[in-house]
There are 2 protein chains.
Amino acid sequence: MPRQTSRDLRNESRFEVLHALFSLGPSTRQEIAKHTGLSTATVATLVTQFLAEGVLRIATVEQNTVGRPYERLSIDPDRGRILGIDVAETYVDATVYDVTLGPLGQSEVALDEHENDQAYVVGGIVRAVEAAVAASGTRRDQIIGAGVSMPGQVRPDAGVSVFAPNWDWHDVKIEELLEERLSMPVYVDNPLKAVALSEMWFGVGRETKTMAVVNLGTGVGAGIAIDGSLLRGAANNAGEWGHTLLQLDGRQCRCGRRGCVEAYLGVHGLEMSLAEIDPDHPALRQPLQRGFVDAVAEGLAADDPALLELARRTSHYLAAGLGDLINLLNISHVTLTGWTTEALAEWLLPAVRAELPEHVLPGSQPGLTVEASRVPGNAVALGMATFTLEQFLGALGLASPASAPGTRRRLRTPASAKS
Amino acid sequence: MPRQTSRDLRNESRFEVLHALFSLGPSTRQEIAKHTGLSTATVATLVTQFLAEGVLRIATVEQNTVGRPYERLSIDPDRGRILGIDVAETYVDATVYDVTLGPLGQSEVALDEHENDQAYVVGGIVRAVEAAVAASGTRRDQIIGAGVSMPGQVRPDAGVSVFAPNWDWHDVKIEELLEERLSMPVYVDNPLKAVALSEMWFGVGRETKTMAVVNLGTGVGAGIAIDGSLLRGAANNAGEWGHTLLQLDGRQCRCGRRGCVEAYLGVHGLEMSLAEIDPDHPALRQPLQRGFVDAVAEGLAADDPALLELARRTSHYLAAGLGDLINLLNISHVTLTGWTTEALAEWLLPAVRAELPEHVLPGSQPGLTVEASRVPGNAVALGMATFTLEQFLGALGLASPASAPGTRRRLRTPASAKS
Ligand SMILES: [Zn+2]
Ligand SMILES: [Zn+2]
C-alpha cells in the first residue's frame with residue numbers, strides 16, 4: 001500500500017499549521033503564521049482549505065474596537081474519530097480519540113502470553129475495539145481508521161514479524177486481517193515508532209525536533225526523531241537500543257544475544273537483578289510483570305533495603321545505557337516512558353541524572369535533559385492514533401479536485417461528521 | 001559564519017548533477033537526467049549554468065549518423081584547487097586536489113603528541129600545506145579553499161575543543177587562526193564527518209544514501225549518513241560510537257569512562273588486549289602506534305599464535321560493537337576505514353562477518369553488508385576537500401547576478417583558472 005512517511009507529511013505546510021494548533025490551542029491566522037514562520041497569505045490559504053475539508057472550524061470570533069474581527073480557529077473534534085491500539089504480549093489497549101486526539105473512551109483486554117496464535121490475538125484486538133467504541137459512544141461510520149502497534153518488527157511491505165519466544169510470527173499480514181474484521185482502514189507500526197510520534201506531537205516535540213524516547217517495560221527500546229523525522233532504518237527496525245550491549249557476554253537476552261540492555265532494564269532484567277540481591281524477595285513471587293513493578297514501587301516507598309539496592313543497580317545500568325545513546329547520536333532531549341518509568345521514575349531519575357555526566361562526552365553534555373515523558377495516557381495508543389491522523393490529513397491534502405479517487409481509497413471520510 | 005549543511009546542498013538539483021558526474025564520469029545531458037531522475041530540461045538549464053561558471057566543460061563531442069551531436073560533459077579539473085588536511089595527534093597530512101577531487105600532490109608532517117600547543121599545531125599545518133602546494137605545482141591564486149579535520153569536537157559556532165589527555169583545547173578558533181596564516185578560506189570539521197562525506201561521494205554512497213563509516217585507528221568512531229544527510233547531532237558531536245559501552249565497568253577509556261568500544265578497538269585497546277595474551281610480545285615494544293599495527297599485520301602473516309588470538313578477540317569485540325550500531329540504527333551498509341582497517345582487515349573482516357549474525361536482530365540482517373571502504377587515499381583529507389567543494393559550489397549557486405557579493409565573500413574564485 002502507498003504510505004507517506006512522517007517526514008513527507010510533517011514537512012508540508014499543512015502539517016505545520018495543524019501542529020501549531022495542537023500546540024497553541026485555538027489561534028488566529030496571525031498567531032499560526034508567527035508560530036510556524038509561514039507567511040500570513042499561505043496560512044490564510046491553508047486555513048480556507050481546512051475549513052472546506054471540515055478539519056478546522058471557527059472556534060470564536062473577537063471584535064476589536066478597530067479593524068476586522070479576529071477569528072480563532074481550532075481543529076474540529078467532530079470531523080471524525082480515530083482508534084489507537086496498543087497490542088502487547090499480555091494485553092490489548094484500545095482508545096477512541098476525536099481528531100484533536102482527545103480520548104473519548106478506552107478498553108483493555110488481557111492476552112494470555114502463552115497462547116499467541118494469530119486468530120487469538122486478532123480476536124482480542126476486535127473485542128478491545130468493540131468495547132472502546134461502545135464506551136466512547138462512537139458510531140462506526142464516524143471512524144476514520146485505526147492505528148495498531150504490534151510488539152515486533154513491522155514492515156509495510158512484508159507484514160509483521162514478532163520474535164518473542166512465545167510469539168513466533170513471520171511476515172503476518174495483520175493489516176489485511178484486521179481491515180477485514182474491523183471494516184476500517186488499519187495502519188500497523190511498532191511501539192517505538194508510536195511513542196516517538198506521540199512525543200513529537202504532544203511531548204518534548206513541542207520544544208525540539210530531535211529527541212529519543214526511551215521505553216522501559218517488558219521490552220526496552222528507543223524511538224528516535226532527528227530533525228523532525230522519525231528514524232526508521234532500512235527495514236523499519238531502527239531504535240533497538242534494548243538490544244545494544246551493556247555487558248559483552250553478559251546476561252542471556254531473549255533476543256538470543258548476551259549482555260543486551262534489555263536483559264538489565266526490561267522488567268525481567270529487573271527481576272534477575274533482584275534475584276541476585278535477594279533470591280527470596282517476596283516481589284519475585286508476583287505472577288505478572290506489572291505486579292512485580294508495582295510491588296517494587298511499594299517496597300521502595302517503604303525503604304526496603306533490597307529494593308533500594310535494586311534501584312541503585314538499575315539506575316547505574318540506565319545511566320550507562322543512556323550514555324551510549326547520547327554519545328552516539330548527540331541527542332540533547334531524552335524522555336522516558338513505559339510501565340517501569342511510570343512506577344519507578346521517582347527513584348531512578350535523580351540517580352540517573354547524577355551519574356550521567358560520568359558517561360556522556362563533554363561535547364554532548366550542554367543542554368542535555370532526561371525526563372519522564374509528559375505525554376498523557378497510553379503513549380503507544382496515542383502515537384498510533386497520531387499516525388492514522390497524519391495519514392488521513394495527508395490523503396485529504398492530496399485529494400485536490402483533479403486527483404484520482406484512488407489516492408484516498410483507504411481512508412474513509414465520514415459521510416455525516418457532525419454527531 | 002553562515003554555513004550550509006550537507007543536506008541543504010545535496011538536496012539541490014545542482015548537487016545531483018555534479019554527484020552524477022562524479023559517479024558516471026563524462027556523461028551526456030541525457031545520461032545525467034536518467035541517473036538523477038531530473039527532467040532533461042532541468043539538467044540542460046543547470047549544465048548551461050555550470051558551463052558559464054566554469055565548473056563543467058565539454059569533454060567530447062560525438063557525431064552520430066543522424067541527429068544532433070552528443071556532448072559529453074565533465075567537471076573541469078582546472079576550475080580551481082582544493083586542500084584537504086587531516087590533522088591527527090601525531091601527524092598532519094595535507095593533499096591538494098583539483099575540483100574533480102583527483103589528488104595532485106601530498107605532504108605529511110609529523111607532530112610530537114606531547115607538544116600540542118596551538119602555535120605548534122598551526123605551524124605543522126602550515127608546513128604541510130606549503131609542501132603539498134609545492135609538490136602539486138599549484139599557484140596560490142588557484143586555491144579555492146582548505147578543509148581541515150581536527151581530532152576533537154568541532155562546533156561551527158564555538159570553535160574546536162580537543163579532549164585528548166595531551167591536547168587540552170577548549171573552543172579554539174582554529175579556522176580564524178588558519179585563515180590568517182594561510183590566506184585562504186578554511187573549513188574545519190572532525191574526522192568522523194570527513195570520512196562519512198568521502199564515503200557518501202566516493203564510496204558506498206554511490207549505492208545507498210544511508211550508511212555508517214566506522215573508523216578504526218588511534219581513536220574509534222562512526223560517521224553516519226541517513227537518507228543522504230550527515231548525522232551531526234545537537235552540537236556536531238554525533239558518531240561517538242567509540243565511546244559507547246562494550247563492557248560496563250570494563251577497561252579504563254581515555255575519555256574517562258570505563259568499558260568503551262575504543263578501549264578495546266582503538267590501537268591502544270589492541271595493545272592492551274595483546275598485553276593480556278602475552279605481556280612480553282615484541283610488537284608491544286614498537287614506540288609508535290602505527291608501527292605496532294604494522295608489526296601485528298606482519299606477525300599475523302607469519303601465523304604468530306599470540307597475534308592470532310589477538311585477531312580472534314578483536315574480531316569478537318568488533319562484531320559486538322558493530323552489532324550495537326546496526327541494531328540501534330538499522331543501517332544495512334557499514335564500511336570500515338582507518339589504519340587498523342588498512343593493516344588488519346583481511347584477518348578481522350571474515351571473522352566479523354561470521355560472528356555478526358549472533359549480534360544482529362533478525363529484522364536488521366537482510367541485505368547487511370560490512371566491508372572495507374573503497375575510498376582511495378586518505379579518506380579524511382578527501383572528505384574535508386569534498387566539504388570545501390560543497391561549500392564552493394553551493395556559494396556559486398547562490399551567487400546569481402542579483403545576489404550580493406557578501407554571499408560568496410569567503411570563497412575565492414580564481415581569477416585565471418586555466419593553468
Ligand atoms: Zn537482546
Ligand atoms: Zn571512552
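In what follows, chains carry the letters A, B, and so on, assigned in the order in which the sequence lines appear, proteins first and then strands, with residues in each chain numbered from 1. Keep in mind that this is a model prediction, so the values were computed, not measured.
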>> For the interface with chain A, which of Ala320(B), Gly367(B), Cys255(B) has the highest count of heavy-atom pairs at distances below 4.5 Å?
In response: Ala320(B)
>> Under a 4.5 Å cutoff for heavy-atom pairs, which residue among Asn327(B), Ile326(B), Leu325(B) has the most contacts with chain A?
In response: Asn327(B)
Contacting moiety of [X], where chain B heavy atoms sit under 4.5 Å:
| X | result |
| --- | --- |
| Ile224(A) | side chain |
| Thr210(A) | neither |
| Gln247(A) | both |

> Hey, are the side chains of Ile226(A) and Leu231(B) touching, using non-hydrogen atoms and a 4.5 Å cut-off?
Replying inline: yes
> Should Leu245(B) and Thr244(A) count as side-chain neighbours, where that means a heavy-atom distance under 4.5 Å?
Replying inline: no
> Can you pull the salt bridge (charged side-chain N to carboxylate O under 4.0 Å, His left out) pairs that have at least one residue in residues 321-335 of chain B, sequence neighbours excluded?
Replying inline: Arg257(A)-Asp324(B)
> When only pairs under 4.5 Å are counted, which of Val360(A), Thr208(A), Leu361(A), Ile331(A) shares the most heavy-atom pairs with chain B?
Replying inline: Leu361(A)
>> For the interface with chain B, which of His316(A), His333(A), Glu358(A), Arg258(A) has the highest count of heavy-atom pairs at distances below 4.5 Å?
In response: His316(A)
> Please walk me through it: do Leu328(B) and His243(A) pass side-chain contact (heavy atoms from CB on, under 4.5 Å)?
Replying inline: CA-CA 8 Å; Leu328(B) 184 63; His243(A) 303 286; over 6 Å; no
>> Quick check: under 4.5 Å, non-hydrogen atoms only, which of residues 261-270 of chain A neighbour chain B?
In response: none
>> Which heavy atom of Ser332(A) sits nearest to which heavy atom of Ala234(B), and what is that distance?
In response: OG-CB, 4.0 Å
Roughly how far apart are [X] [atom1] and [Y] [atom2], rounded to 0.5 Å?
| X | Y | atom1 | atom2 | value |
| --- | --- | --- | --- | --- |
| Leu329(A) | Asn237(B) | CG | CG | 11.5 Å |
| Ser364(B) | Asn236(A) | OG | CG | 10.0 Å |
| Arg232(A) | Asn330(B) | CZ | CG | 11.0 Å |

